[in-house]
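Down below is the structure, laid out as structure tokens.
Along the sequence shown, the residues carry numbers beginning at 1. Counting starts at 1 for both ligands and their atoms, following the listed order.
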Amino acid sequence: MKKVLINVVHPNLDTESRVNKALVEFASKESNVTVNNLYKKYPDFKIDAKKEQELLLENDIIIFQFPMYWLSSPALLKEWLDVVLEYNFAFGENYKLENKTLAVATSVGSGTAQYNSNGSNKFTVEEFLNSFEATANYVKMDYKNPFITYETFVISDEKLQETAKEYVSYIKDLTK
Ligand SMILES: Cc1cc2nc3c(=O)[nH]c(=O)nc-3n(C[C@H](O)[C@H](O)[C@H](O)COP(=O)(O)O)c2cc1C
């Protein structure tokens, strides 16, 4: 079975998260899924690049899961990209992530009415994630359509449970 690594990037997953916490709880029940909580591991932003690279090599499918902050990811994911995707590991002489899958699972407070060319955010969530798609392309990974949870400020408990189950199906589809 293909192995899935979820790099979850939420500054307060245990204490303040509702949406990402629920998604992680459901996904982590799958035997082929490893959850890597980056803010818990690296609260000081001192990322162990070699350790993170080893985790990437051990898995076939990499998911970046995060709440959208200022139309992008929380800051630690940017730092992670900067230090982990090293020259001669991710690109250059070696493309060690070549043919692995990259996907993003993000949650947003706003709805689709805001995330379009006529809305206050002007672009879709998929468009805000363009840099992840381009990064995947640069390191020869296979980028998949993101899993997006909208309207997190008002999502009901029932809808959240349903969304968490859909997330598990989404992950299973990635492994096919
Ligand atoms: C610093 C910060 C910035 C945020 N920026 C955005 C944003 O740009 N767009 C948006 O739709 N929601 C934004 N939000 C709302 C979060 O995306 C939302 O609270 C989160 O997805 C909920 O997930 P959680 O329950 O796991 O924390 C922001 C929240 C915070 C704290």
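Between Tyr95 and Phe91, the ring centre distance reaches or exceeds 6.0 Å. Here Phe64 and Trp80 bring their ring centres to under 6.0 angstrom of each other.
Scored by the side chain to side chain contact (heavy atoms under 4.5 Å, CB included) test, Asp60 finds Lys2, Lys3 as partners (sequence neighbours excluded).
The side-chain contact (heavy atoms from CB on, under 4.5 Å) with Phe26 is formed by just one residue from the set Val33, Val168, Leu160; it is Val168.
For Phe45, the CZ atom sits in a packed shell: over 12 heavy atoms of surrounding residues, nucleotides or ligands are nearer than 6.0 Å.
The residues lining ligand 1, counting any heavy atom closer than 4.0 Å, are His10, Ser17, Arg18, Val19, Asn20, Pro67, Met68, Tyr69, Trp70, Leu71, Ser107, Val108, Gly109, Ser110, Tyr115, Thr152, Phe153.
The existence of a salt bridge linking Glu52 and Lys41 is confirmed by a sub-4.0 Å separation between a basic side-chain nitrogen and an acidic carboxylate oxygen.
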